[in-house]
Amino acid sequence: MQADHDTWAPRRVDVPLASAVNDYLLRIQQLGAVEGPGGAVGLNPALEPVLEALHHLLAGGEVEVRVTRRGHASLVHELRQRVEDATREVNLLQQVAGSSLTTTV
């Protein structure tokens with residue numbers, strides 16, 4: 001974000017993603033991570049405390065996570081596998097490129 005907010009305008013940027021990262025992000029979107037019509041999309045309110053905890057953890061804080069009701073085991077397994085696949089693909093791409101070109105989840 002620019003310092004002069006009067007001239008700031010949103011702009012689209014292209015971010016290189018490993019295909020498995022893209023697939024994971026699309027899948028969690030399909031599952032409801034974000035909601036609302038185009039132009040009014042927002043984070044699913046149930047995810048707000050998770051994101052807040054993540055922000056505190058990344059800022060040097062400490063968090064505690066507790067699952068109060070388990071989700072469908074097959075879907076949890078699918079998502080975990082997608083994260084593992086994305087991480088593996090990112091690492092492979094970085095080894096081939098010799099530099100950090102992508103990010104993982």
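FYI, side chains are in, hydrogens and waters are out, and symmetry mates aren't considered; it's all heavy atoms of this structure.
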Can you find a heavy atom in the side chain of [X] that is under 4.5 Å from one in the side chain of [Y]?
X     : Y     : result
Val34 : Ile28 : no
Glu52 : Glu48 : no
Val13 : Arg11 : yes
Leu57 : Glu62 : no

Query raised in the report: Just by distance, do the side chain of Glu89 and the backbone of Ala20 share a donor-acceptor pair under 3.5 Å?
Result: yes

Query raised in the report: Under 3.5 Å, side chain of Asn44 to main-chain N/O of Gly32, donor-acceptor pair present?
Result: yes

Do [X] and [Y] sit in the same hydrophobic cluster, where Ile, Leu, Val, Met, Phe, Trp and Tyr count as joined when their side-chain heavy atoms come under 4.5 Å apart?
X     : Y     : result
Val63 : Leu58 : no
Val15 : Val90 : yes
Leu47 : Leu31 : no
Val67 : Leu54 : no
Val65 : Leu43 : no

Query - Intermediate values then yes/no, side chain to side chain contact (heavy atoms under 4.5 Å, CB included), Leu75 and Glu78 - result: CA-CA 5 Å; Leu75 192 49; Glu78 174 196 338; 3.3 Å; yes

Query raised in the report: Is it true that Arg82 and Asp85 make a salt bridge, defined as a side-chain N closer than 4.0 Å to a carboxylate O?
Result: no

Query raised in the report: Do Gln95 and Asn91 get their side chains close enough for a donor-acceptor pair, meaning under 3.5 Å?
Result: no

Query - Residues Glu35, Val41; criterion side chain to side chain contact (heavy atoms under 4.5 Å, CB included); working and verdict - result: CA-CA 5 Å; Glu35 57 187 22; Val41 174; over 6 Å; no

